[in-house]
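The shown structure was predicted, so the numbers you read here are calculated from the model rather than taken from an experiment.
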Amino acid sequence: MLTLPNILTLSRIAMIPLLAALLWWPGWHAGYIYAFVLYCLMGFTDYFDGYLARASGAVSKLGIFLDPIADKIMVASVILVLAAQGVLRGPYVGDAHVIAGLIILIREMAVSGLREFLGGLQVSVPVSKLAKWKTTLQLIALGALILGEGLPNWTFAAAGVIHNVPHTVGLFTLWGAAILTVVTGWDYLRVGIKHMD
């Protein structure tokens, strides 16, 4: 049976192709503003469906299954499209910012595989506070990178280089998320290794 939280999660998954389509043209600034609004709406539904499920006692197995998948598909889609369109490029290190996105994607796949393995052993791995901070930084980073493409004139000069404010915030927080991704991924791996022969 579909509950309201599950419907919100499914709607978030259904919006991902539209979000990716809006991000496809870096020169279309209005499209990136629309994408930012949609991205924020998706983030709101992510918070709201979890809140509703807990408040109404409607936490379901379907919701437990769908919610993390929806988050991972959204994050992976945004990172891949932004990388493909050259948005994960910045001053000083150029395209190397793609590495931060790659670290996040690798960790998401590895932790998903680890959770699946441990689930077969009836071992649950709770989400740590640090992992929640990682997710928060990741969502802020991607939102800021999207907003930076929508607001190309929000700039400042530093060391003779013109920086876009949201884009710069996005790159810094993306690296922060990547660092936390490595730390939390290692924590999950240490738990998993204890259950491997």
Side-chain angles (χ1 to χ4, degrees), residues 2-26 28 31-54 59-88 97-116 127-128 130-150 166-167 169-178 180-181 184-185 188:
L2 282 179
T3 62
L4 180 57
N6 291 343
I7 291 169
L8 287 172
T9 303
L10 287 169
S11 72
R12 196 160 77 251
I13 293 171
M15 286 189 275
I16 290 170
L18 175 59
L19 178 63
L22 290 170
L23 296 174
W24 200 254
W25 293 278
W28 184 36
Y32 270 75
I33 295 295
Y34 298 143
F36 178 74
V37 171
L38 181 61
Y39 180 82
C40 291
L41 178 64
M42 293 168 78
F44 176 74
T45 62
D46 183 25
Y47 168 78
F48 195 58
D49 64 18
Y51 171 79
L52 272 181
R54 289 186 297 273
V59 176
S60 66
K61 289 180 180 176
L62 180 63
I64 291 169
F65 168 73
L66 283 178
D67 191 59
I69 288 176
D71 296 343
K72 286 172 177 48
I73 294 171
M74 183 182 79
V75 166
S77 299
V78 172
I79 288 174
L80 287 173
V81 176
L82 292 181
Q85 300 308 324
V87 178
L88 297 187
H97 295 292
V98 171
I99 294 169
L102 185 60
I103 289 168
I104 290 168
L105 292 178
I106 290 170
R107 185 265 193 193
E108 294 298 346
M109 288 186 282
V111 169
S112 293
L114 182 62
R115 283 183 183 278
E116 185 176 337
V127 177
S128 67
L130 200 56
K132 289 180 180 178
W133 275 105
K134 182 271 303 178
T135 301
T136 301
L137 271 183
Q138 188 174 276
L139 294 175
I140 290 169
L142 297 178
L145 288 166
I146 293 169
L147 188 60
E149 291 297 304
H167 187 260
V169 168
L171 292 177
F172 272 102
T173 50
L174 188 70
W175 278 104
L180 289 183
T181 286
T184 58
Y188 285 131

K.L.:
Testing the basics here: between G185 and V111, what is the closest heavy-atom pair and its distance to 0.1 Å?
P.N.:
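Minimum heavy-atom separation between G185 and V111: CA-CG2, 4.5 Å.
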K.L.:
Once side-chain hydrogen bond (donor to acceptor under 3.5 Å, both in side chains) is applied, do any residues pair with T184, and if so which ones, sequence neighbours excluded?
P.N.:
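Expected list: R107.
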K.L.:
List in chain and number order the residues that pass salt bridge (Lys or Arg N to Asp or Glu O under 4.0 Å) with K72, two or more places apart in sequence or in another chain; answer none if no residue qualifies.
P.N.:
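Once residues adjacent in sequence are excluded, the partners of K72 under the salt bridge (Lys or Arg N to Asp or Glu O under 4.0 Å) criterion are E108.
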K.L.:
Distance-only check: which donor-acceptor pairs under 3.5 Å involve side-chain atoms of residues 76-85, not counting sequence neighbours?
P.N.:
residue	atom	partner	partner atom	Å
S77	OG	I73	O	2.7
Q85	NE2	W24	O	3.4

K.L.:
Write down the atom of A70, the atom of T9, and the distance for their closest heavy-atom approach.
P.N.:
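Closest approach of A70 to T9: CB-CG2, 3.9 Å.
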K.L.:
Atom CG of L145 and atom OG1 of T173: how far apart are they, to the nearest 0.5 Å?
P.N.:
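L145 atom CG to T173 atom OG1 measures 6.5 Å (nearest 0.5 Å).
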K.L.:
If I take atom NZ from residue K132 and atom CG from residue L137, how far apart are they, to the nearest 0.5 angstrom?
P.N.:
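Result: 15.0 Å between the selected atoms.
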K.L.:
Check whether any side-chain heavy atom of Q138 sits under 4.5 Å from a side-chain heavy atom of L174, and report yes or no.
P.N.:
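Q138 does not reach L174 side chain to side chain.
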K.L.:
Start with the C-alpha distance between L180 and T135, add both sets of side-chain angles, then the distance that settles side-chain contact (heavy atoms from CB on, under 4.5 Å), and finish with yes or no.
P.N.:
CA-CA 9 Å; L180 289 183; T135 301; over 6 Å; no
K.L.:
Could you grab the distance from atom OH of Y32 to atom CG of L23, nearest 0.5 Å is fine?
P.N.:
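Interatomic distance, Y32 OH to L23 CG, rounded to 0.5 Å: 5.0 Å.
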K.L.:
Working to the nearest 0.5 Å, report the span between OG1 of T181 and CG of L102.
P.N.:
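CG of L102 is found 11.5 Å from OG1 of T181.
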K.L.:
To the nearest 0.5 Å, what is the distance between CG on L10 and CE on M15?
P.N.:
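Going from CG on L10 over to CE on M15, the span is 10.5 Å.
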K.L.:
side-chain contact (heavy atoms from CB on, under 4.5 Å) between L41 and V37: does it pass, once the steps are laid out?
P.N.:
CA-CA 6 Å; L41 178 64; V37 171; 5.6 Å; no
K.L.:
Please name all residues satisfying side chain to side chain contact (heavy atoms under 4.5 Å, CB included) with I33, sequence neighbours left out, ordered by chain then number.
P.N.:
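I33: side chain to side chain contact (heavy atoms under 4.5 Å, CB included) contacts with L147, L151.
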K.L.:
Roughly how far apart are L19 CG and I146 CD1, rounded to 0.5 Å?
P.N.:
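Spacing of CG (L19) from CD1 (I146) equals 5.5 Å.
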K.L.:
For H97, enumerate each residue passing the side-chain hydrogen bond (donor to acceptor under 3.5 Å, both in side chains) test, keeping only those at least two apart in sequence or located in another chain.
P.N.:
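Here the qualifying residues are W175.
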K.L.:
By the salt bridge (charged side-chain N to carboxylate O under 4.0 Å, His left out) test, which pairs, at least two apart or in different chains, include something from residues 7-19?
P.N.:
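Of all non-adjacent pairs touching residues 7-19, those that pass salt bridge (charged side-chain N to carboxylate O under 4.0 Å, His left out) are R12-D46, R12-D49, R12-D67, R12-D71.
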K.L.:
Got a sec: does the CH2 of W28 have more than 12 other heavy atoms crowding it under 6.0 Å?
P.N.:
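Count over threshold, so yes.
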